[in-house]
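Chain naming here is simple, since letters A, B, ... match the order of the sequence lines and numbering starts at 1 in each.
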Amino acid sequence: MLVKGSFDPAATEAIWRGRWEELHLGEADVDSPRPSFSIALPPPNITGALHMGHALNAVIQDSLSRFHRMLGYEVCWVPGTDHAAIATQNVIERQLAQEGTTKEQLGRQAFNERVDAWYRTYQGRIVEQLRRMGASCDWSRERFTLDDAYVRVIRTAFKELFDQGLIYRGPRIVNWCPRCHSAISDEEVEYREHHDTFYFVRYRSPDGGGGLVIATTRPETIVADVAVAVAPGDPRYAGLVGQSVIEPLTGRAVPVIEDEAVDPDLGTGALKITPGHSPEDFEVGLRHHLPTLTVISLDGIMMVPELPALDGLAVEDARQVAADLLRRSGALEREQPLVHQVGHCDRCGAVIEPLITPQWWVRVAELAGPAIAVVEEDQLTLHPPHFRRQYLEWMRGLRDWCISRQIWLGHRIPVSTCDRGHTFAWIEEPESCPECGSRVLTADPDVLDTWFSSALWPFTTLGWPARTPELQEFYPTSVLVTGFDIIFFWVARMVMMGLRFTGEIPFRDVILHAIILGADGARQSKSKGNVVDPLEMVDRYGADALRGWGATVAMGTQDSKFDESRLDGFAKFANKLWNMVRLLHLIHFPSGEGRIPWGSQPEASEVTIVDRWILSRLAHLVEVVTTAMTEFELGTAIEAIYAFAWRELADWYLELAKPRLQSHDRSALWTTRMALVTMLELLHPIMPFITDALAEQFEEMPPTLDMAQWPVASPAWLDPQAEAVLAEFQQLTGGLRSWLQDLGAGFGRQAPRVPISLTSTADPVLAELIRQCLPLLVPVEWVDSRVDEMDGVAPLVVGGTTVRLASSAASASPQIRTRMERELDQLGQLRARLEAHLSGPFATNAPEAVVQRERDRLAEASRREAALRSSLGI
RNA sequence: GGGCGCAUAGCUCAGGUGGUUAGAGCGCUACCCUGACACGGUAGAGGCCCCAGGUUCGACUCCUGGUGCGCCCACCA
């Protein structure tokens with residue numbers, strides 16, 4: 001198995017995906033006595049394949065799932081996909097446009113077939129991508145927001161809200177997208193900066209008097225004005241309030257009114273009121289019981305038969321024409337450039353046209369209250385915490401949610417009206433009116449906002465509205481992991497709906513992770529060509545490497561540029577792990593297969609200081625990783641494991657233990673195995689493939705580490721003495737290596753060893769370690785010369801230890817001399833700084849421990865300085 | 001207009017209840033194909049931790065004010 005000296009991710013991953021499936025690893029058992037841990041996967045939109053943002057999302061959830069399995073939880077991670085009505089429709093419409101056709105030409109049925117084909121393709125792709133990344137979802141519970149059961153659930157939820165009066169239909173001003181030909185919600189409006197013209201237009205009095213001047217960016221809507229409003233008490237217009245002025249395009253008289261919404265400092269302080277085409281004006285109109293006029297069609301075309309010059313024009317064109325008309329009539333007094341924000345459809349980019357149309361609304365005031373309370377009371381926690389405030393402010397300022405869409409794709413609004421005017425919601429499509437029995441029914445033509453169905457996801461996937469065992473066992477879910485861009489679209493609404501329908505929060509913790517940008521720093525999008533396919537990354541670096549990357553960026557608070565080099569680093573790490581286990585494996589089985597045995601536990605007398613050191617480091621690691629994983633800090637966890645595995649276990653412990661391992665030293669074998677296996681267990685949630693493949697090389701392991709118990713370190717392993725000794729040893733080794741490098745000493749196998757002598761140490765344990773182990777790491781050999789016989793030899797001083805290069809060549813080496821002089825210089829500066837520091841107020845004000853540390857450093861510096869001086873003969 | 005986040009090595013990013021020697025990956029330089037690994041080893045170069053004040057014995061870290069970048073919210077026509 002480990003014959004090859006390099007890790008082959010593709011082969012390993014295929015094997016382990018198969019094993020996990022055979023073990024039904026992801027399948028949750030509702031009857032399990034274990035405590036439950038559950039996650040509802042944010043169902044990816046089936047608008048296309050997954051990108052690196054989805055990969056990150058899946059990695060976090062899978063790591064948490066596996067971690068909790070190891071902690072002994074029954075884990076239920078429900079996967080699925082979202083039909084994403086308006087988004088998918090747009091994608092397919094764009095595709096049709098490229099083919100030179102439209103959905104209308106195609107017809108409903110052919111269009112639907114097209115959509116189904118699309119869904120089939122991408123559903124498969126998405127599931128494949130998740131599997132390849134190692135996602136241990138419960139595939140037996142996979143859901144799609146358009147499947148039959150889900151449809152029924154949505155109707156149930158809708159009917160309930162409808163019957164309770166929380167859903168109503170009414171003509172109100174909405175964000176209308178003329179391109180999508182549909183209303184959209186406030187959240188789907190994206191504001192962009194526009195550089196437009198501010199037109200100052202005079203409305204005269206009926207008697208020909210001066211009247212007043214209003215300022216507007218939309219002169220084409222003057223024909224729909226029903227009033228002019230000024231701020232209450234504005235002295236400039238005092239005489240006009242209650243009078244009329246003449247709208248200058250068609251000459252209608254409109255009243256001058258007062259309203260608090262008018263800011264006297266803006267424009268001229270007089271505001272034309274156009275309730276049919278402006279949300280603010282609509283409100284003013286309601287307050288003053290003004291009529292509404294509509295002059296723009298659902299296609300964004302002017303409808304003003306009384307003014308043929310404008311009639312039939314697109315809004316943009318009509319604006320120029322209207323300005324022209326006003327200019328010629330002299331009513332346009334002034335024009336100035338204006339920078340302001342204009343709403344666009346976030347799906348297609350078209351400019352939003354506020355229009356009055358009948359739509360379906362959710363009364364959110366009643367739903368928002370509990371959703372605010374659970375966050376205020378910390379029943380539900382957002383991570384990172386600054387999102388809490390964002391959530392609360394949005395929730396508090398919430399206006400009714402427009403949930404009807406006039407598009408083809410999506411869940412139908414389950415409402416019909418009979419010919420006698422009875423309107424009712426249903427779950428199964430009815431044949432007759434439940435009130436009067438009439439069989440002449442008209443079904444509502446609209447479909448639902450995708451987010452209405454998404455809002456029900458966490459409990460619907462567990463079987464709601466039935467009181468299923470799944471719901472009992474796994475709801476509320478434990479944690480929700482999603483990108484912070486959909487906190488309002490989705491998270492907030494799930495909280496409202498969850499509380500409404502189940503009486504419980506839908507999840508306890510919400511992890512809002514970064515959005516992954518393309519390497520160019522822009523949002524990933526197909527049109528920009530900066531989308532990275534996770535599968536491509538898996539093919540190139542392996543799934544574990546991709547997951548390692550995911551762990552490091554998991555809790556970033558910013559958008560994160562995708563950095564492929566991080567995957568490269570983790571691919572190399574995986575290879576390193578492979579070889580670390582291979583080292584031990586080759587000792588037991590030099591030429592074949594076999595499982596590494598535990599061997600017997602060593603006697604205390606067999607345990608060396610190096611063994612004690614690595615176990616102490618291991619104990620720290622268990623502590624750090626456990627805490628980090630519990631707090632969702634995957635980045636902290638993997639960095640700690642990486643540093644331990646490579647920088648401590650491989651670089652130092654294994655190098656030092658090699659000869660003992662080769663002679664089958666009981667303590668070395670046992671310690672190596674303990675360190676390796678524990679490290680693999682800690683790493684398994686994040687990098688499951690390689691860790692399972694390597695754990696399999698050991699005896700007495702479970703079929704997968706998911707079934708292993710999360711490691712607990714023995715407190716007895718903590719060993720400050722061993723850590724202190726090794727720290728000095730490491731420093732000494734590093735120093736010696738530098739010197740030898742300067743000397744040009746060869747490190748090759750046949751290179752001659754440089755003679756050194758140990759002239760003093762404070763600590764006998766350290767002395768023994770140095771004698772035994774230094775030559776394992778550095779090409780040196782011990783000679784026993786007395787110091788006074790070694791004229792001018794170069795000393796290396798670390799702590800209480802001095803090692804001398806016992807060679808005249810060494811001391812004569814100009815590089816060594818230069819290095820010594822440089823070091824002496826640095827030490828002088830350091831000493832001066834420390835002395836100054838310690839003689840100042842620092843010594844009296846700082847805590848004793850800190851001061852003592854500085855004193856120790858000063859002593860160390862002085863000692864080294866003296867040794868160098870004597871050696872340099874100065 | 002309000003709010004939030006970020007500014008640290010060439011690039012992408014960690015980090016710190018304030019302690020004087022700030023880290024990782026990738027990249028770069030030199031040497032080494034050393035019996036687990038060249039997807040490797042060793043040594044190294046590279047940082048006024050955005051700027052200016054303040055608090056403090058001590059600030060990259062805390063406070064205030066700037067600057068720059070990004071995001072969210074908002075009915076200023």
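Whole-Å rounding puts the A/Leu740 CG to B/C32 C1' distance at 14 Å.
Ionic pairing of A/Glu258 and A/Arg287 is not present here: no N-O contact between side-chain nitrogen and carboxylate oxygen is shorter than 4.0 angstrom.
The residue among A/Asp263 and A/Arg566 whose nearest nucleotide of RNA chain B is located toward the 5' end is A/Arg566.
Taking the ring-ring contact (aromatic ring centres under 6.0 Å, His included) definition, one finds that A/Tyr199 meets it with nothing, sequence neighbours left out. For A/Phe689, the ring-ring contact (aromatic ring centres under 6.0 Å, His included) partners are A/Trp20, not counting sequence neighbours. Taking the side chain to side chain contact (heavy atoms under 4.5 Å, CB included) definition, one finds that A/Gln662 meets it with A/Ile587, sequence neighbours left out. Partners of A/Glu187 by side-chain hydrogen bond (donor to acceptor under 3.5 Å, both in side chains), not counting sequence neighbours, listed by chain and number: A/Trp394, A/Arg493. Residues that satisfy the ring-ring contact (aromatic ring centres under 6.0 Å, His included) test with A/Phe698, not counting sequence neighbours, are absent from this structure. Shown here are the ring-ring contact (aromatic ring centres under 6.0 Å, His included) partners of A/Phe387, two or more places apart in sequence or in another chain: A/Phe484.
Between the side chains of A/Glu188 and A/Ser185, a donor-acceptor pair is found at a separation under 3.5 Å. For the 3.5 Å distance criterion, the side chains of A/His513 and A/His383 fail to qualify, holding no donor opposite an acceptor. Side-chain contact check for A/Ser6 and A/Asn575: no donor-acceptor pair (N or O, by modelled atom type) lies under 3.5 Å.
On the P atoms, B/C49 is 23 Å away from B/G44, given to the nearest whole Å. Using atom P as the reference point in both B/G70 and B/U29, the two lie 34 Å apart (nearest Å). For the P atoms, the distance from B/A9 to B/C50 is 8 Å, rounded to whole Å. Taking atom C1' on both nucleotides, B/U21 is separated from B/G47 by 13 Å, rounded to a whole Å. Atom name C1', nucleotides B/C28 and B/G2: the rounded distance is 46 Å, in whole Å. Nucleotides B/G68 and B/A52 place their C1' atoms 15 Å apart, quoted to the nearest Å. Going from the C1' atom of B/A7 to that of B/C48 covers 15 Å, rounded to whole Å.
Pairs engaging residues 841-854 of chain A under the salt bridge (Lys or Arg N to Asp or Glu O under 4.0 Å) rule: A/Glu848-A/Arg855, A/Glu854-A/Arg857 [sequence neighbours left out]. Within the structure, salt bridge (Lys or Arg N to Asp or Glu O under 4.0 Å) pairs that include any residue of residues 827-842 of chain A comprise A/Arg831-A/Glu835, A/Arg831-A/Glu865 (at least two apart or interchain).
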Inset, instruction - Give the intermediate values and the outcome of salt bridge (Lys or Arg N to Asp or Glu O under 4.0 Å) for residues A/Arg399 and A/Glu283. - result: CA-CA 13 Å; A/Arg399 297 189 300 170; A/Glu283 299 294 326; 5.1 Å; no

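Looking at the side chain of A/Arg737, the nearest of the listed nucleotides B/A36, B/U42, B/C39 is B/U42.
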Legend entry - Watson-Crick and G-U pairing of RNA chain B written in dot-bracket, each distance under 3.5 angstrom, with | for inter-strand partners: (((((((..((((.....[...)))).(((((.......))))).....(((((..]....))))))))))))....

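Residues of residues 640-647 of chain A that place a heavy atom closer than 4.0 Å to RNA chain B, in numerical order, are A/Tyr642, A/Trp646, A/Arg647.
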Review item, nucleotides 44-46 of chain B N/O atoms under 3.5 Å of protein N/O:
residue: B/G44; atom: OP1; partner: A/Ser738; partner atom: OG; Å: 3.2

Distances under 3.5 Å only, N/O to N/O: pair up the protein atoms with those of nucleotides 55-57 of chain B.
residue: B/C57; atom: O4'; partner: A/Asn845; partner atom: ND2; Å: 3.1

